[in-house]
Amino acid sequence: MSRTHAVTLIPGDGIGPEVTDAARRCLEATGVRFEWEEQIAGQAAIERFGTPLPAETLASIRRTRVALKGPITTPIGTGFRSVNVALRKELDLFACVRPCRSYAGVRSPFQRVDLVIVRENTEDLYAGIEFAAGSAEAKKIIETIAPLTKQPLRPESAISIKPISAAGSERIVRYAFEYALAHGRKKVTAVHKANIMKCTDGLFMETSRRVAKAYEGRVAFEDRLVDATCMQLVLRPHEFDVLVLPNLYGDIISDLCAGLVGGLGVAPGANIGDAIAMFEAVHGSAPKYRGMNKANPTAMILSGVLMLEHVGEADAAQRLGTAVRTVLAEGTAVTYDLKPTREDPTAVGTSAMADAIIAAVQAQPMSARASR
Ligand code: NAD
């Protein structure tokens with residue numbers, strides 16, 4: 001009998017509560033025991049505590065060291081900064097790992113895609129160092145850098161700072177290589193725009209090349225420009241294996257790769273630090289489907305599979321992963337987005353798709369479930 005795993009569960013906003021409930025039920029169906037610490041963040045937390053990220057939620061994750069998190073809405077342009085970004089920074093979850101693979105039954109432009117995005121999570125333009133146009137801070141920065149650069153900035157410019165460090169780059173690239181070794185992957189591709197951003201992306205590229213030397217003969221390495229990578233990904237995705245990227249490119253390419261394998265509904269993710277890990281789908285809170293029992297729970301359930309692997313429940317991860325693949329391949333008890341047309345009357349809701357996955361877990365032969 002395996003031990004009980006304490007996990008912080010954050011339902012999140014929009015479709016979050018529905019898809020996290022589906023994931024929790026599927027995880028429990030594997031027979032692994034969990035002690036869930038349910039905590040709030042995002043809109044629900046603002047309503048109750050006046051802050052989108054309460055101290056108690058952070059304290060719970062620091063205690064359990066593992067979190068399963070639903071998507072959280074971020075107001076665009078104004079309002080509070082992204083809770084997702086804040087959580088990753090606050091807990092130093094420096095590596096965002098997003099496996100993208102094709103599934104039988106999921107319509108997509110390509111078959112047999114199997115690649116992994118490793119995105120740096122703490123630096124780059126996502127570091128949250130921003131100054132509004134016309135603010136005293138922005139003006140001061142513009143005045144300070146004016147004598148240092150030969151290209152004067154417009155005085156009313158808004159400023160976002162892009163910090164990239166050798167230490168941050170080395171940590172993520174090393175993680176990508178170690179991930180490749182641990183998962184039998186053959187190649188790491190570092191993605192950058194070092195021809196234009198010579199200092200920041202140049203440092204990321206140089207660091208990648210240096211780290212790669214330590215893995216020579218074990219994992220192949222190449223580095224590519226981000227624009228060329230976008231084109232090659234949509235022409236020849238099978239040429240890629242593990243991609244390691246700075247924060248912003250990682251965010252954008254993750255969605256591109258989710259598109260390659262059939263969309264956000266089937267794209268799981270993990271945010272990993274030295275001591276803490278947080279698992280969440282790549283997709284957002286899809287507010288228009290909130291409370292409708294319509295959203296596809298697959299990405300959240302597959303994030304749960306990554307969590308099972310992380311806590312050492314490889315057998316349960318295997319069984320739940322197989323059950324998800326079975327339901328997807330059958331294509332019967334699946335949500336609207338996995339049907340041939342969006343109006344297909346045979347589409348089922350979020351909870352019914354989770355029920356089908358649970359039934360598929362329970363239908364597995366006893367030998368496959370023996371290690372409960
Ligand atoms: P989104 O991922 O919520 O939605 C993009 C499209 O995909 C929409 O058409 C949506 O309906 C659809 N979609 C997403 N998930 C789906 C699912 N499980 N099943 C079926 N359809 C699904 O992205 P968005 O609209 O850009 O963002 C909405 C909100 O989510 C924003 O506030 C954004 O900041 C936030 N967001 C949060 C996270 C996170 O918590 N990690 C990630 C991305 C976006």
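Counting starts at 1 for both ligands and their atoms, in listed order. Computed from a predicted model, the values in this text were never measured in an experiment.
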Distance under 4.0 Å to a non-hydrogen atom of [X]: what atoms of ligand 1 satisfy this?
X	answer
N84	37 (C), 38 (C), 39 (C), 40 (O), 41 (N)
Y336	20 (C), 21 (N)
I72	35 (C), 36 (N), 37 (C), 39 (C), 40 (O)
Y289	11 (O)
A286	3 (O), 10 (C), 11 (O), 14 (C)

Looking only at distances, can you tell me whether any N or O atom of [X], backbone or side chain, sits closer than 3.5 Å to an N or O atom of ligand 1?
X	answer
D337	no
N296	yes
T73	no
A295	no

**OP:** Among N84, D251, N271, D92, find the one that has a side-chain hydrogen bond (donor to acceptor under 3.5 Å, both in side chains) with N121.
**Re:** N271

Sub-4.0 Å heavy-atom contact, [X] with ligand 1:
X	answer
K69	yes
V282	yes
V19	no

**OP:** Report the member of G265, C96, G284 with the shortest heavy-atom distance to atom 44 (C) of ligand 1.
**Re:** G284

**OP:** With heavy atoms only and a cut-off of under 4.0 Å, state how M300 meets ligand 1: side chain, backbone, both or neither.
**Re:** neither

Original post:
Without hydrogens or angle criteria, can the side chains of E123 and S165 be said to hold a donor-acceptor pair below 3.5 Å?
Top reply: yes

**OP:** State whether a side-chain donor-acceptor pair under 3.5 Å links S60 with E37.
**Re:** yes

**OP:** Mark yes when over 12 heavy atoms from residues, nucleotides or ligands other than R65 sit less than 6.0 Å from its CZ; otherwise mark no.
**Re:** no

Original post:
Parallel under 30°, tilted from 30 to 60°, perpendicular over 60°: which one fits the rings of F94 and Y175?
Top reply: perpendicular

Original post:
Mind checking whether Y336 and Y289 have ring centres under 6.0 Å apart?
Top reply: yes

Original post:
Taking the six-membered ring of Y126, is NZ or CZ of R88 closer than 6.0 Å to its centre and within 45° of its axis?
Top reply: no

Original post:
Quick one: do F34 and F279 end up in the same hydrophobic cluster if we chain Ile, Leu, Val, Met, Phe, Trp and Tyr together by side-chain heavy atoms under 4.5 Å apart?
Top reply: yes

Subject >> Lys/Arg N to Asp/Glu carboxylate O, R290 vs D13, below 4.0 Å >> reply: no

